[in-house]
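First the structure, in the form of structure tokens, and then the observations on it.
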There are 4 protein chains.
Amino acid sequence: MAVVTLDGQVCQTGDALEPFSIQSISKVYTLTLALQSIGDRLWQRVGREPSGNAFNSLVQLELENGLPRNPFINAGALVVADVVLATREDPQAQLLAMIRSCSGNPHAKDDPEVALSEKANGFRNAALANFIRSFGNLQQPIDDVLDFYFYQCSLALSCVDLARGFLFLANQGRCPRSGNTLLSPDQTKRVNALMLTCGTYDAAGDFAYQVGIPGKSGVGGGIVGVIPNQLAVAVWSPALNVKGNSLAGSAALERFTDKTGLSIF
Amino acid sequence: MAVVTLDGQVCQTGDALEPFSIQSISKVYTLTLALQSIGDRLWQRVGREPSGNAFNSLVQLELENGLPRNPFINAGALVVADVVLATREDPQAQLLAMIRSCSGNPHAKDDPEVALSEKANGFRNAALANFIRSFGNLQQPIDDVLDFYFYQCSLALSCVDLARGFLFLANQGRCPRSGNTLLSPDQTKRVNALMLTCGTYDAAGDFAYQVGIPGKSGVGGGIVGVIPNQLAVAVWSPALNVKGNSLAGSAALERFTDKTGLSIF
Amino acid sequence: MAVVTLDGQVCQTGDALEPFSIQSISKVYTLTLALQSIGDRLWQRVGREPSGNAFNSLVQLELENGLPRNPFINAGALVVADVVLATREDPQAQLLAMIRSCSGNPHAKDDPEVALSEKANGFRNAALANFIRSFGNLQQPIDDVLDFYFYQCSLALSCVDLARGFLFLANQGRCPRSGNTLLSPDQTKRVNALMLTCGTYDAAGDFAYQVGIPGKSGVGGGIVGVIPNQLAVAVWSPALNVKGNSLAGSAALERFTDKTGLSIF
Amino acid sequence: MAVVTLDGQVCQTGDALEPFSIQSISKVYTLTLALQSIGDRLWQRVGREPSGNAFNSLVQLELENGLPRNPFINAGALVVADVVLATREDPQAQLLAMIRSCSGNPHAKDDPEVALSEKANGFRNAALANFIRSFGNLQQPIDDVLDFYFYQCSLALSCVDLARGFLFLANQGRCPRSGNTLLSPDQTKRVNALMLTCGTYDAAGDFAYQVGIPGKSGVGGGIVGVIPNQLAVAVWSPALNVKGNSLAGSAALERFTDKTGLSIF
């Protein structure tokens, strides 16, 4: 676990410097890239509502004609990836550069083995991509979209990297380390709102209720939380609960906000 | 529209003193009564997740065996009503007393004609109640549950009443006017979290994104918002959008948070 | 088990003279009454497709705006009951008279205790009726519709009664015993088609595949089958499979058609 | 339109000798191949129930864990194709040989342009295949399964070919022309039952009701019907109704069974 405050203090415990696959946590960065590229036009292709379904469900997508509920379910992240591919040159390099700059870790990188293994078993994501394409809501070649998606999921960061790397969301969009502005204050608030309502899949309500701060989880066992104007916090523990969120990580964050009294509510 | 701050200032405009049917906004008060009665045991009978469906949908209820997703969809409010009926003597009087005390309006009352008219057309709610009962998740007589539900929906308050009446949620559970403690600080944070993720039906994500504060809407055209440690705000305008939330009310709240820069994110 | 041929032969075995609750098998008779009353106009209010869902599901009804898939799921039978109530004087007496005449059993009657007990636990059917009413597809008072529905389900007949009572469907609509014409030859073929595609709930495909004749089952454990131009056959055994059809009854019918080589295919 | 009787008479009208893409009608032949290969073990991987959904829906597949409802919806046909690929050498050649032999048309062949064009737009089928694979219910390489599927859909036959080619299903499984036995009498009855309950997609109930015989349709505008022990009939007219069945074709078959009084009911 690691906590990094806006004024640069770092508190850490356990394996806080150990890199792990950030998986879906990467969706916050690709969303940031897409918002930088096309702004609010993104919302013509992705919704902003909690899905009420599992993160990789196709049911809702069928009922709603290929418009994913939000950018954090897999379907939405594929559309976001499609936007990034359409609007960026060398999107993998740009994503990596952003993450290295935010996290202050110039050695952060992907794990090609993880990407390869996910691709080999990624039938559900391939189904989603083909399905969205059948509704016309993907434009780049499906294999390119999937490759980029598996790449972003395979990026490896430590808790300290992640907490530092999410500070821009606690700081109105400006990275306190590099001084770079990634999002406008308004966009930042909205990304935080999206994390609160949709960041932990079908457990977002429970997470808001128990933890009370915007957060984003990944199936690698990581969760990052943001307390606006104060700090970012990251936890990592691989065992997952039935909703796909880190079991010990959720408990740690709940205890953290309980003991500190920190909450957005 | 009316804004009431924790230190007692009141700003108002338009028909802010005109009473109207608060409808689903009443669900916050009945939830408060139920939490006072049985605390966290409530969550064995109602979930805390956004539903991803229309407020009166039966689909999810069937797939999830009669456990409503959250206390703010109709199905959840019926279970909350069942708890209140089971644990309170003269529940209508207790609900009214709580609302009068919070709002500081001793003349607040229900509109029997509204209740009667809703009962006469309440086939969908009767379907929901019978359906939940078929799963064993209602225990009081169905007609009593429905009568209480139609009663709570028919309560009439003005914007000033509502903003004042929700101040306890901006004040860690204590009503600044009466000094009464309705909920613990912890429970208060959690009710606010529930309002943010589930308070405006299937538009909660959009509301969080656009307005950025916990809020609860009613089909009477009212919406109340809470900014913790600062204020409560109420708007009223009868025309609804497709999701069942006040059209002008949502826009007014969005502009209000935009211009003031107030947000929880 | 009982087999009755068009030329009047009766073969029986086991408790073939024991009356039992025919339950959903009664839906064929109420459908007959409704077709006599309003003919093909019925299909404006009920579909003719297999539902692909459990017999008492509300999901499909919501997605399809209160139009039940077919007259043999509970929702469809409630609409049929509504039609019968709207077009017949003393509908219970007319239904009973039709059944007594067809079956040749003048003592056939309902079991009020069964009806009462089903009413007391009929929350799911009450939910369905209220739900359909909310879409405007029920017109008679809900309690009247439910009472008629519980009455028809409580009618008690033996296997011999039932086999004889369904002979009109093997005889182009004319009851060979009384000589009365209940349906036109064309209507008869169509009721048989409906029984084949929808008569055994969500197991109709399997029943067609295994047994190969039109049939209608009830949760009382009875199943009646029709072989056009030849015979009707009824079985009764209370233990049900997961789809709500008699376990031993299905097996007996399968063996019956296997050994005799009788099939419509 | 063409009618061919068991004793070899052929009646035809219109463009009955014009070949067209048989599309989903081919699913009856691939089902026959799969039943020849593995018999009733097929039903461990495909159901036999009407789906109650559109032919290319993914919703039900998700709820039922990758087990398609029946072999005539696209998902089921993909599993059937997987079985054929796993159990046959040169499956395309074997399928073509069977169809040429049954239809008595040695020149019947596929249309590679149709297959190519369907492949290029086959995102929905690619989604289905990947989705089924994610549940482990496809074993051959996905591209091979899809290629075989697009191949079978692109086969072109005339109405006379098709009516003659389906005669074996009216003749207890034996092709009257070649004398070859394709299915046992028992299997034949069951394939007819499947066509009746599932052969015309989500309109099977209506087709059974209106036409009253087992039939299989394709989106190329063809429909074939079978009257056991008598004849097979094929119609072709490209304009489709909303359920994906030939509009004029359905009407022609309804009039045909009406006027001749032929029906299995």
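In what follows, every chain begins at residue 1, and chains take the letters A, B, ... in the order their sequences are listed.
Here the shortest heavy-atom pairing between A:P228 and B:F265 reads CG-C, 3.3 Å. Considering all non-hydrogen atoms of both residues, A:L196 and B:L196 come closest at CD2-CD2, 2.5 Å.
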With side-chain contact (heavy atoms from CB on, under 4.5 Å) as the test, would you mind laying out the steps for A:N192 and B:I264 before giving the verdict?
CA-CA 9 Å; A:N192 286 332; B:I264 61 168; over 6 Å; no
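Taking the charged nitrogens against the carboxylate oxygens, A:K189 and B:D258 have no contact shorter than 4.0 Å, which rules out a salt bridge.
Of the listed residues (B:E49, B:M195, B:Q210), the one with the most heavy-atom contacts under 4.5 Å to chain A is B:E49. By number of non-hydrogen pairs under 4.5 angstrom with chain B, the leading residue of A:T197, A:D206, A:V226 is A:D206. Counting heavy-atom pairs closer than 4.5 Å to chain A, the top-ranked of the candidates B:A203, B:P185, B:A208, B:G261 is B:A203.
In this structure, A:R190 contributes its side chain and B:Y209 its backbone to a donor-acceptor pair below 3.5 Å.
Contact of B:D186 with chain A is made through the side chain alone, with heavy-atom distances under 4.5 Å. Heavy-atom distances place no part of B:Q172 under 4.5 Å from chain A, backbone and side chain included. When heavy atoms are compared at a cutoff of 4.5 Å, B:P50 approaches chain A by way of both its backbone and its side chain.
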